[in-house]
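Reckoned from all heavy atoms, side chains included, excluding hydrogens, waters and symmetry mates. Here the structure is a predicted model, which is why all the values come from computation and not from measurement. One is the number of the first residue; the rest follow in order along the sequence.
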Amino acid sequence: MVIVLGEPTGPPATDAEVIERSWAEPELFEAIFRRYFGRIHHYLAARVGGKIADDLAAEVFTTAFAQRQRYDLARDCARPWLYGIATNLAGTYRRQEQRRYRALARAHAQGVAPSDEDLVAERVAAAAVGPALAVALARLNSGDRDVLLLVAVAGLDNQEVAQSLGIPYGTVCSRLSRARTRLRDSLGGTNPADSYGPSDIVTPAGGRKEQPHG
């Protein structure tokens with residue numbers, strides 16, 4: 001048996017440990033990229049489409065790398081931090097996000113297949129819920145939609161959403177409650193989970209919650 005000296009043993013380093021070590025050894029930050037790029041891209045594709053998500057997801061990690069020395073090392077898991085950066089970057093494309101939801105709804109109503117430019121990525125929760133919910137999401141104000149999609153698409157819990165957006169926990173709860181109420185009102189009082197699939201749109205992330213590192 002060949003023993004390679006210097007190999008790491010024990011559990012994987014937490015995100016905070018990796019980030020702290022990357023202050024002196026920048027190449028180690030690649031581990032954060034490997035852990036979270038797919039999830040961040042998935043979330044951004046729900047909001048702005050796959051093509052723009054390719055560039056924005058890369059920008060998330062470029063920004064995170066530049067800001068890594070300001071990371072709060074008391075937080076072992078970097079997931080809320082990264083989703084917060086992603087949400088801020090997606091804010092530039094809020095109008096496009098609304099247009100995409102509305103285009104999806106129109107395409108369903110007309111019985112035609114939307115083009116790639118008009119379709120929310122099929123692997124994202126928002127694309128699977130149907131035209132009525134797409135319109136309802138487009139009608140939410142930006143703050144409520146940010147909270148809702150961080151729960152429904154990213155799988156964050158309320159505390160993680162608060163960390164991501166830098167807002168109080170109570171504000172997250174009120175925005176999430178308001179978003180769910182408005183969705184139900186837009187859908188004629190029905191629960192979207194009964195008709196469209198992704199129950200996280202109207203209920204807590206629960207079983208769909210991603211497993212954080214560290």
Heavy-atom pair with the smallest gap, counting every atom of Ala31 and Val18: CB-CG1, 4.0 Å
Carboxylate-amine/guanidinium proximity below 4.0 Å for Asp72 and Arg75: yes
Pairing residues for Arg70 by the side-chain contact (heavy atoms from CB on, under 4.5 Å) criterion, not counting sequence neighbours: Gln67
Same apolar cluster: Leu28 and Phe37, side chain cutoff 4.5 Å: no
Shortest non-hydrogen contact between Trp81 and Ala64, atoms and distance: CH2-O, 3.3 Å
Approximate separation, where rounding is to 0.5 Å, of Arg79 CZ and Leu156 CG: 5.0 Å
No-hydrogen, no-angle side-chain donor-acceptor test under 3.5 Å, Asp15 and Tyr71: no
Exam field: side chain Ser22 to backbone Glu25, donor-acceptor pair closer than 3.5 Å: no
Closest non-hydrogen atom pair between Phe29 and Phe61, with its separation: CE2-O, 4.0 Å
Hydrophobic cluster identity match, Ile32 and Leu73, side-chain contacts under 4.5 Å: yes
Test: Glu17 and Arg21 ion pair at under 4.0 Å: no
Side-chain heavy atoms of Tyr83 within contact of Arg39, under 4.5 Å: yes
Gap separating the CD1 atom of Ile40 from the CG atom of Leu89, nearest 0.5 angstrom: 10.0 Å
Side chain to side chain, Cys173 and Asn158, heavy atoms closer than 4.5 Å: yes
Donor-acceptor contact below 3.5 Å, side chain Arg47 vs main chain Ala90: no
CG-CG distance between Leu44 and Leu149, expressed to the nearest 0.5 angstrom: 11.0 Å
Under 3.5 Å: donor-acceptor pair, side chain of Ser164, backbone of Glu160: yes
Side-chain donor/acceptor of Arg68 to backbone N/O of Glu20, under 3.5 Å: no
Shortest non-hydrogen contact from Thr87 toward Leu165: CG2-CD2, 3.8 Å
Nearest-0.5 Å distance that lies between atom CG in Leu140 and atom CG in Leu148: 6.5 Å
Reported CG-to-CG distance for the pair Leu176 and Asp146, which is rounded to 0.5 angstrom: 12.0 Å
Gln159 versus Tyr169, closest heavy-atom pair with distance: OE1-CD1, 3.4 Å
Minimal non-hydrogen separation, Ala45 against Ala53, with atom names: N-CB, 3.6 Å
Residue pair Leu137 / Leu183, side-chain heavy-atom distance below 4.5 Å: yes
Residues which pass side-chain contact (heavy atoms from CB on, under 4.5 Å) with Arg175, listed by chain and number, not counting sequence neighbours: Asp144, Val147, Ile167, Thr171, Arg178
Note, Leu150 side chain near Tyr43 side chain (heavy atom, < 4.5 Å): yes
Derivation and outcome, side-chain contact (heavy atoms from CB on, under 4.5 Å), residues Tyr36 and Val60: CA-CA 10 Å; Tyr36 293 107; Val60 167; over 6 Å; no
Single-linkage hydrophobic cluster Phe33~Leu82, side-chain heavy atoms < 4.5 angstrom: yes
